[in-house]
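Structure record follows, encoded as structure tokens.
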Amino acid sequence: MRRDTSASSPPTWRELPLLIELNEQQRQRLDKAQALREQGIDPYPPHSHRTHTAEEALARFTEIESTLETEHDPETITVAGRVTAIRDMGKSVFAHIRDGSGAIQIYLRRNVVGEDALAHFKRFIDLGDFIEADGNLFRTRTGEVTVEVKAFRLLAKAINPPPEKWHGLQDVETRYRQRYADLMANEVTRRIFVIRANAIRAIRRFLDERGFLEVETPVLQPLYGGAAARPFTTHYHALDQTFYLRIADELYLKRLLVGGYERVYEISKDFRNEGIDARHSPEFTMLEFYMAYADYHDVMELVEEMLVYVAEQALGTTKLTYAGHEIDLTPPWPRVSLRQALLDATGIDYREVTDQRELYERAKALGADVEPTTVWPRIIDELMKTFVRPNLIQPTFLVDYPVELSPLAKRSPNDPNIAERFQPFIAGMEVGNAFTELNDPMDQLDRFLAQARDRAAGDLEAMPIDDDYINALMYGMPPTGGFGLGIDRLIMLLTDQQNIREVILFPHLRSKPTPILAGLPTPDTPTGDDA
RNA sequence: GGGCCCGUAGCUCAGCGGUAGAGCAGCGGACUUUUAAUCCGUGGGUCCUGGGUUCGAAUCCCAGCGGGCUCACCA
């Protein structure tokens with residue numbers, strides 16, 4: 001059946017090509033919407049007339065209650081929101097509505113709202129619908145501030161019934177695929193993303209107040225770099241060239257220091273085409289900042305101060321609970337060299353075990369997951385992850401890494417095999433990465449060449465040579481300290497979540513047809529354009 | 001990618017070879033201060049999909065799809 005889409009009224013659901021079987025409740029609700037239209041009532045009216053949020057209404061009554069001469073606030077207010085509970089008492093009805101600020105109870109009594117209106121409410125308003133209600137605030141016998149309703153209007157008819165009221169939405173897959181339903185049903189989920197927003201705002205404020213310039217650098221890049229990871233690859237039609245989604249911001253931000261900005265930062269999505277697990281999301285949010293005339297010691301101090309500030313702003317405390325651990329962010333955090341940490345945990349002093357074979361034998365003997373072919377720096381990395389990282393529960397800076405693990409970091413003046421690099425660990429989780437930036441263009445070129453050799457040897461994550469970056473360094477970059485922070489992991493810490501997908505609004509899942517679109521055209525359906 | 005586990009009503013979950021269940025939500029009824037309202041009655045299922053075993057499969061077996069945890073890889 002074809003329908004003239006220029007018709008003046010919207011279609012009834014029976015006219016649309018819904019290939020799914022609607023369930024009984026969906027059909028009932030669609031029929032209610034249609035019945036309302038036939039009465040001349042728009043189930044999706046364009047305007048609302050709210051005068052008070054739930055929070056404002058509750059605050060108002062608390063404030064004026066003691067001055068009232070009557071039981072009810074004489075001023076009529078209008079509240080609006082989603083109906084989350086209905087308790088039908090016969091000649092009166094209690095309901096709760098929730099808006100973005102909170103929830104408020106409304107009360108409809110037949111002799112106040114009128115017999116017809118009460119019947120209309122009972123007949124046409126369902127859980128999940130958006131309504132607005134005009135009325136007067138009062139306090140019920142049980143003490144709850146409530147709006148006694150004089151009139152109400154439907155603002156938006158909900159066709160899908162909301163999830164179960166007591167248990168909320170539990171199914172993890174549905175919670176991720178239909179985050180809207182999760183947010184609607186679960187207060188905990190709503191709270192996580194408020195904390196996330198507050199934390200990111202606090203980071204911006206902290207850096208802005210210290211003279212950092214927020215910048216935006218390319219997400220689509222002709223050459224990726226700044227980290228060890230496989231990229232997402234795409235074809236750029238207009239330039240007829242392969243481009244990559246960035247895996248890090250680093251090399252572009254440091255070009256800006258060459259240009260003369262002293263302090264820059266960027267908060268942005270990075271993309272790494274690698275596995276998904278509880279701590280890794282291929283699309284994730286990164287903060288990177290760079291400050292000229294600073295080294296990694298200066299950066300450590302700034303990072304301590306920043307994370308304390310962020311926790312205070314987002315949570316109101318610097319003490320967190322994560323996976324049962326009590327964590328105190330109060331600075332200063334211990335600085336432990338990687339060499340010392342490994343020595344304490346494994347008895348191996350890597351400066352004295354420079355032979356790869358010997359290091360392998362000793363790591364293997366300790367039970368580390370290494371192979372005879374594992375290269376020396378990777379064995380160090382593995383030892384750190386297995387024997388050191390899990391024990392770094394309280395905030396700790398692990399400092400001074402082998403140069404081979406840090407191709408963009410400056411060598412220590414005391415030991416050319418050591419890079420001035422640190423990583424903060426909290427609750428056994430690596431939350432960032434930082435170093436005194438390498439600004440010697442020829443040393444940088446040499447490190448790139450070493451990466452290129454690893455790459456040729458089959459390491460897909462080794463960095464490609466960025467010769468334009470070398471050219472930038474040849475103009476001169478001031479001594480600089482830089483820092484990268486995984487925002488998602490920080491939010492996991494702040495919200496005591498063990499899975500990164502719990503702090504990402506719409507995490508990636510394998511595509512599955514939604515019930516509504518089953519059988520209808522999707523972006524994957526060939527259209528003749530690009531196919 | 002490997003191992004283990006899960007998929008039953010709109011939602012939360014039982015059932016685990018013998019007629020498909022409960023609570024919430026829905027529908028009908030009673031109740032004018034309830035708040036997981038209460039009380040009476042009642043409709044609703046491709047038991048993820050496809051094969052197989054069996055007199056008989058939601059249940060057992062195989063394959064697939066989707067998801068979770070975990071290991072590997074990685075930040």
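By convention in this document, chain letters (A, B, ...) are assigned in the order of the sequence lines, proteins followed by strands, and residues within each chain are numbered from 1.
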Got a list of protein N/O to nucleotides 68-72 of chain B N/O distances below 3.5 Å?
| residue | atom | partner | partner atom | Å |
| --- | --- | --- | --- | --- |
| B/rG68 | OP1 | A/R501 | NH1 | 2.8 |
| B/rC69 | OP1 | A/N499 | ND2 | 2.5 |
| B/rC69 | OP2 | A/R501 | NH2 | 3.1 |

Establish whether the base of B/rU33 is bridged to the side chain of A/R141 by a donor-acceptor pair shorter than 3.5 Å. no
Using a 4.0 Å heavy-atom cut-off across all strands, classify A/K122 as base, sugar-phosphate, or nothing. nothing
Which is true for A/G484 with a 4.0 Å heavy-atom rule: it touches a base, it touches only sugar-phosphate, or it touches nothing? nothing
Rounding to an integer number of angstrom, what distance separates B/rG56 and B/rU19 when you compare their C1' atoms? 12 Å
Distance check needed: B/rU33 P versus A/Y107 OH, whole Å only. 5 Å
Calculate the interatomic distance between A/R510 atom CZ and B/rC65 atom P; express it in whole Å. 8 Å
Rounded C1' spacing from B/rA58 to B/rU53 in Å: 16 Å
Report the residues that fulfil side-chain contact (heavy atoms from CB on, under 4.5 Å) with A/A427, sequence neighbours left out, ordered by chain and then residue number. A/Y322, A/I327, A/L493
Assign A/T84 to base, sugar-phosphate, or nothing according to its heavy-atom contacts below 4.0 angstrom with the strands shown. nothing
Would you tabulate the pairs of protein nitrogen or oxygen atoms and nucleotide nitrogen or oxygen atoms of nucleotides 39-49 of chain B closer than 3.5 angstrom?
| residue | atom | partner | partner atom | Å |
| --- | --- | --- | --- | --- |
| B/rG43 | N2 | A/E24 | OE1 | 2.5 |
| B/rG43 | N3 | A/E24 | OE1 | 3.4 |

For B/rA30, what is the paired nucleotide under Watson-Crick or G-U wobble rules, both distances under 3.5 Å? B/rU38
Does this structure show an ion pair linking A/E187 with A/R191, if we count only N-O contacts that are shorter than 4.0 Å? no
State the pairing partner of B/rG1; accept Watson-Crick or G-U wobble contacts with both distances under 3.5 Å, and report none otherwise. B/rC71
For B/rC65 versus B/rG50, give the span between their P atoms, rounded off to a whole number of Å. 15 Å
Distance, P atom - from B/rA20 to B/rG43, rounded to whole angstrom: 16 Å
Check the pair A/S268, A/D249 against side-chain hydrogen bond (donor to acceptor under 3.5 Å, both in side chains), reporting the backbone distance first and the verdict last. CA-CA 8 Å; A/S268 64; A/D249 311 357; 2.9 Å; yes
Base-pairing mate for B/rC24 - Watson-Crick or G-U, with both contacts under 3.5 Å: B/rG10
Ion pair check, A/D88 and A/K122, cut-off under 4.0 Å: yes
A/V403: partners by side-chain contact (heavy atoms from CB on, under 4.5 Å), with sequence neighbours left out: A/R411, A/A419, A/R447
Enumerate the side-chain hydrogen bond (donor to acceptor under 3.5 Å, both in side chains) contacts for residues 388-400 of chain A, please, sequence neighbours excluded, ordered by first and then second residue. A/Y296-A/D400
Quickly work out the A/D171 CG to B/rG7 C1' distance and round it to whole Å. 8 Å
Provide a list of protein-nucleic acid N or O atom pairs under 3.5 angstrom, restricted to nucleotides 3-6 of chain B.
none

Given the ring of A/F506, does A/R179 sit roughly above its face, with NZ or CZ under 6.0 Å from the centre of the six-membered ring and within 45° of the axis? no
Between atom CZ in A/R175 and atom C1' in B/rU12, what is the gap in whole Å? 14 Å
Taking N and O atoms by type only, does the side chain of A/E144 place a donor or acceptor under 3.5 Å from a partner on the base of B/rU34? no
Could you tell me whether a side-chain N or O of A/R139 sits under 3.5 Å from a main-chain N or O of A/G143, the two making a donor and an acceptor? yes
Write down the distance between CG (A/D31) and P (B/rC27), rounded to a whole number of angstrom. 12 Å
Students often get this wrong, so: under 4.0 angstrom with heavy atoms, is A/D88 touching a base, only sugar-phosphate, or nothing? base
